[in-house]
Structures are given as structure tokens and as C-alpha cells.
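Since the structure comes first, as C-alpha cells, the remarks are kept for the end.
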Amino acid sequence: MFRNELFRTATFRLTLAVVAAMIGSAALQFFFGYSQASVFEARRSDMLLLREASILQRETPQELEQQVRDRATDDLRILLNVTTLFDSQQHYIVGDLHNWPADLVADGHVHVIIPEATGGGSSTVLRMVAVKVPGERYLVLGRSRHMRTELRLMMRHSMLVSIVPTVLFALMTGIVLSHRALSRVKDMHEAIDRIMEGDLHERLPAGKQNDDLQRLAGSVNRMLDRLEQLLDEIRDVGNDIAHDLRTPLARVRARLDRALNADHSAEALRNVISHTIDDLDQSFAIITALLRIGEIENGRRRAGFGTVDLESLVADIIDLYEPIAETKGIALSHVTGDDPPIHVLGDRDLLIEVLANLVDNAIKFTPEGGRVEIRTRMNDGCAMLQIADTGIGIPAGERRAVTGRFYRSDKSRHIPGSGLGLSLVSAILALHHARLDILQSRVHDSLPGATMNIVFPPSGVVQPGN
């Protein structure tokens with residue numbers, strides 16, 4: 001099974017492709033090399049024939065005849081395979097070739113000739129030249145293509161001798177690399193099986209090699225880290241929900257139990273029912289807030305985005321919360337600057353909910369005689385919406401945690417609430433690609449105050465005229 005998988009790996013297939021490319025490259029190299037060598041050999045043969053003919057043309061008839069006779073037996077025959085002397089009627093006098101080739105013309109140029117075979121043998125292609133020499137005779141010189149044939153055989157042999165070991169070495173290298181890659185993939189499969197069986201702490205093995213498998217394993221491990229973190233958050237949220245719902249539901253049960261086992265007047269029963277309804281409303285508010293956060297985090301509301309005027313948004317919130325602030329003796333105001341009206345891309349109802357949560361919190365945690373200010377301004381192309389109060393503030397170590405679900409600071413546990421307000425705010429702002437910065441409002445006063453700074457990126461700001 002492992003052996004079958006070995007030959008199906010991408011590494012081995014890539015090796016086969018490389019081997020095929022090597023063989024094709026060698027074949028092309030042989031073809032072009034042989035073509036160039038053939039052309040070079042033909043030119044060299046022509047030059048040799050013409051030069052030898054030029055030398056022999058200067059000999060006397062007697063010396064020429066003797067030289068032709070001698071060449072039939074000396075070493076020069078290896079270079080010039082045909083040296084023959086014919087008379088003016090093209091009759092044989094002396095030499096290697098006994099008959100004048102039918103296609104040969106005595107014009108001093110090289111011709112490719114196939115002489116007639118004798119004795120049933122095969123004909124050999126010759127490059128021949130015929131020139132007129134003193135004594136009204138003709139000299140025929142010829143050279144066969146045996147050098148080119150030998151060159152071809154030598155190149156083919158050298159190619160086979162070099163390509164076969166190279167291909168075998170490449171295949172062995174491919175098998176070794178495939179075995180190595182397959183071993184790593186096998187380890188990854190085993191780790192994935194353990195993860196699927198429920199071991200969420202398991203991670204894919206990532207070696208020291210900086211290759212694709214290592215980068216893939218790193219990405220998967222980061223994904224698993226995030227999934228484990230999300231599962232832990234879900235587990236914590238479930239525990240928090242159970243804890244926060246348990247208290248009001250326990251009070252409901254205790255009141256109903258006392259009302260059932262005691263003889264109460266109608267007024268007392270109405271009081272129990274009223275408190276029971278309040279506790280149930282608190283439970284429903286928690287469930288509704290969680291469902292709302294889930295809906296917003298899924299991004300289902302982004303299709304309804306439009307242009308929102310922040311000044312108009314703040315004015316509506318001022319109208320809504322000004323009576324509540326006056327009842328508590330808190331000054332609620334809108335501080336405007338010199339900036340023109342600021343428009344952002346978003347869902348007006350969701351942004352109203354964000355501002356309402358933040359203003360409501362500011363009023364809750366600001367003592368009597370304090371103030372809450374809302375500002376809108378532009379800064380480096382970003383639209384900013386600030387809610388600053390003179391209340392108890394949020395310690396620096398808790399500013400990140402307060403946006404989590406059900407988190408409540410020790411300073412705020414005596415104030416009614418579910419701890420989901422800032423979670424809802426963070427979810428809505430994430431939908432708008434905005435962020436919430438929590439700062440301290442004052443430095444030298446007894447109460448530090450808090451500034452909730454909402455920053456809309458330049459991409460979310462609608463320019464005038466658009």
C-alpha cells in the first residue's frame with residue numbers, strides 16, 4: 001500500500017516530468033548537434049575535394065597518373081575514397097572508379113552522387129568533383145559520408161551513455177524525495193485523525209524545512225489554535241449564560257415557592273408577580289442580547305447600509321437621554337466643532353444602538369453633578385465620535401476585557417446590567433469596520449472618567465457630493 005502511494009505522490013510525478021524533459025532536451029540537443037556537425041562535415045569535405053583537385057591539376061600527365069595509381073594503396077585513401085583518371089571520352093584510365101557516374105558533370109563543383117552498386121552490394125552516397133587536367137583527361141575525386149555516419153554513431157552512443165545514468169539517478173532521487181514527503185504526509189494524517197477523534201490540543205508536525213508542507217502545516221496549526229480559542233470562548237460564554245440566568249431564575253422560583261406555601265394578601269401576590277416579571281425580563285434581555293450579537297457578527301445587516309449623518313444621530317440621542325440625565329443631575333451636551341457635517345456609511349438603527357449603549361453607560365457610572373459630552377470631528381481622514389464622562393472610569397487593565405461578553409468590573413457590580421452592552425457595541429462596530437478606543441477623560445480629578453472614542457476609517461466616510 002505504501003509502495004503504491006509512493007509512485008502516486010506529486011513529488012514522484014514531478015520527477016517523471018523532469019526526467020521526460022531531460023530526455024526531450026537530450027534528444028533535441030542530439031538533433032541540433034548532429035545537424036550542425038553534418039553541415040560542418042559536408043563543408044569540410046567540399047573544401048578538401050576542391051583543394052586536392054586544385055593541387056593535382058598542376059601536375060604533369062605522367063606524374064598525375066602515377067599519383068592516382070599510388071593513392072589506391074596509400075593512407076590518403078582514408079580521406080579521399082575515390083581518385084580516378086578518365087580520358088577525354090570519359091573512359092577509365094587508372095584509379096578506384098571504373099565507370100563515369102551518370103550524374104557527374106565536369107564543371108569543377110562538388111556534386112552528391114550515388115554510384116551504381118556492383119555485385120549486388122548497397123550503394124554509398126559520395127560527394128564528388130570532376131575537373132579537367134592536362135592531356136585532355138578528367139580527374140574525378142570523391143569522398144564518402146562514412147565520417148558523418150561515424151559521427152552520428154559516436155554522438156548517439158555518448159548520449160545513451162550519459163542519459164541512462166542521469167535518468168536512473170533522477171528516478172532514484174524522486175523515489176527518495178517521495179518517500180520523505182509521504183512520511184511527512186503520513187504523520188500529518190495521523191495527527192488529523194487524532195484531532196478528529198477529539199484531541200483539540202494536537203497539532204500537525206511542522207519540521208524545520210522551509211517548504212510548502214511546512215508552511216501548510218503552520219497555517220493549519222494557526223487555524224487550529226484559533227478554533228480552540230473560539231471553542232474555549234463558546235464554553236466560557238455557555239458557563240456565563242448559565243451563571244447569569246441562574247440568579248434571576250432562582251429568584252423567580254424562590255418567590256413563587258414562597259407565594260405558593262404562604263397565605264399572602266392580593267397586594268403581596270401582585271408584588272411577587274411584579275418582581276417575578278422583572279426577573280424574567282432580565283433573563284429575556286440576556287437571551288435577546290446574545291441573539292442580537294450573533295446576528296450582527298454574522299454580517300447579515302450589512303446589506304442595509306446607507307449614508308448616516310453623525311450630527312443628526314447625536315441629536316436624536318440627546319433628545320432621548322436628556323430627560324434621564326436631568327433626573328440624575330447630570331449635564332448631557334453635544335460639543336460641535338468647526339468641521340462640516342460628517343457622514344459615514346452604515347446602518348442608522350445599529351449606530352443608534354451603539355450610541356445609546358455608550359451614553360446609557362456614561363450616565364449610569366457618572367455621579368450626580370457630573371457631565372457627559374458627545375463630540376463629532378474629523379482626524380486624518382477618519383470620522384470620530386466621542387462620548388466623554390466624568391464618572392468612575394475604566395482601569396487600563398480592564399479596557400480590553402470590558403468588551404467581552406458578561407464581563408463586569410468590580411466597580412459596576414452594584415449597578416443593574418448583564419455585561420453584554422459593550423459586547424454588542426464591539427460587534428456592531430466590527431460590522432462597520434470601525435474600532436472602539438477606551439481612554440481616560442481626566443488626570444487630576446478624583447474620578448478619572450472615561451472617553452469612548454469611535455473611529456470610522458476613511459473607507460467608511462462619505463465625502464460631500466457622493
Side-chain angles (χ1 to χ4, degrees), residues 24-163:
S25 176
L28 286 175
Q29 185 178 5
F30 171 77
F31 172 76
F32 288 116
Y34 177 69
S35 299
Q36 292 298 317
S38 297
V39 172
F40 174 77
E41 177 61 22
R43 291 177 180 174
R44 191 164 73 95
S45 297
D46 293 349
M47 183 180 64
L48 183 62
L49 290 171
L50 294 175
R51 186 178 63 181
E52 191 65 19
S54 176
I55 293 173
L56 293 176
Q57 276 183 311
R58 294 195 291 268
E59 299 290 341
T60 63
Q62 292 79 12
E63 292 176 345
L64 177 60
E65 186 173 339
Q66 184 62 38
Q67 286 200 23
V68 172
R69 185 175 291 107
D70 293 339
R71 285 176 183 239
T73 58
D74 62 13
D75 293 338
L76 193 58
R77 181 176 174 80
I78 298 174
L79 298 177
L80 296 177
N81 311 111
V82 174
T83 306
T84 306
L85 194 61
F86 293 90
D87 61 15
S88 60
Q89 302 299 320
Q90 298 179 349
H91 295 148
Y92 172 77
I93 298 176
V94 66
D96 305 293
L97 193 63
H98 295 275
N99 297 312
W100 184 275
D103 299 326
L104 182 60
V105 179
D107 56 0
H109 297 291
V110 178
H111 300 273
V112 179
I113 304 297
I114 304 177
E116 295 181 1
T118 59
S122 59
S123 300
T124 301
V125 179
L126 298 173
R127 302 186 71 82
M128 304 183 72
V129 60
V131 295
K132 196 171 184 180
V133 294
E136 298 296 326
R137 293 180 296 181
Y138 295 99
L139 176 65
V140 176
L141 300 176
R143 179 175 169 82
S144 69
R145 296 197 300 181
H146 71 280
M147 292 295 294
R148 187 169 64 173
T149 303
E150 291 177 359
L151 179 63
R152 180 180 62 189
L153 293 175
M154 182 178 63
M155 292 182 64
R156 184 170 63 184
H157 179 72
S158 61
M159 184 189 72
L160 291 176
V161 168
S162 62
I163 198 65

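No experiment lies behind these values; they were computed from the predicted model shown.
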Value for CZ (R137) from CZ (F86), rounded to nearest 0.5 Å, stands at 12.5 Å
Residues at least two apart in sequence or cross-chain that pass side-chain contact (heavy atoms from CB on, under 4.5 Å) with Q29, listed by chain then number, are none
S88 and Y138 have their tightest heavy-atom pair at O-CE1, 3.7 Å
dist T60:OG1 -> Q67:CD (nearest 0.5 Å) comes out at 8.5 Å
Query raised in the report: Is there a side-chain contact between Q66 and Q62, using heavy atoms and a 4.5 Å cut-off?
Result: no
Nearest heavy-atom approach of G95 to V68 is CA-CG1, 3.9 Å
On a heavy-atom basis, the closest approach of I93 and D87 is CD1-N, 3.4 Å
Applying side-chain contact (heavy atoms from CB on, under 4.5 Å) to I55 and not counting sequence neighbours gives R51, E52, R58
Checklist entry - Are L48 and L141 side-chain neighbours, meaning at least one heavy-atom pair lies under 4.5 Å? => result no
### Message
If you define the side chain from C-beta out and look only at heavy atoms, does anything of D96 sit under 4.5 Å from T83?
### Response
yes
Contacts of H98 meeting ring pair (Phe, Tyr, Trp, His ring centres under 6.0 Å) (sequence neighbours excluded), chain-then-number -> Y92
Taken to the nearest 0.5 Å, the spacing of R44 CZ from E41 CD works out to 4.5 Å
Shortest non-hydrogen pair, I113 vs P101, comes out as CG2-CB, 3.7 Å
Closest non-hydrogen contact found for Q57 with V133 is CG-CG1, 4.0 Å
All heavy atoms of V131 vs all of G108, minimum pair found to be CG1-CA, 3.9 Å
In this structure, CG of L104 is separated from CD of Q90 (nearest 0.5 Å) by 8.0 Å
Those residues at least two apart in sequence (or on a different chain) that pass side-chain contact (heavy atoms from CB on, under 4.5 Å) with P134 are P61
Sorted by chain and residue number, the side-chain contact (heavy atoms from CB on, under 4.5 Å) partners of L50 (sequence neighbours excluded) come out as V110, V129
Those residues at least two apart in sequence (or on a different chain) that pass salt bridge (charged side-chain N to carboxylate O under 4.0 Å, His left out) with D46 are R127
* Are the side chains of E65 and L85 in touch, meaning some heavy atoms are under 4.5 Å apart? -> yes
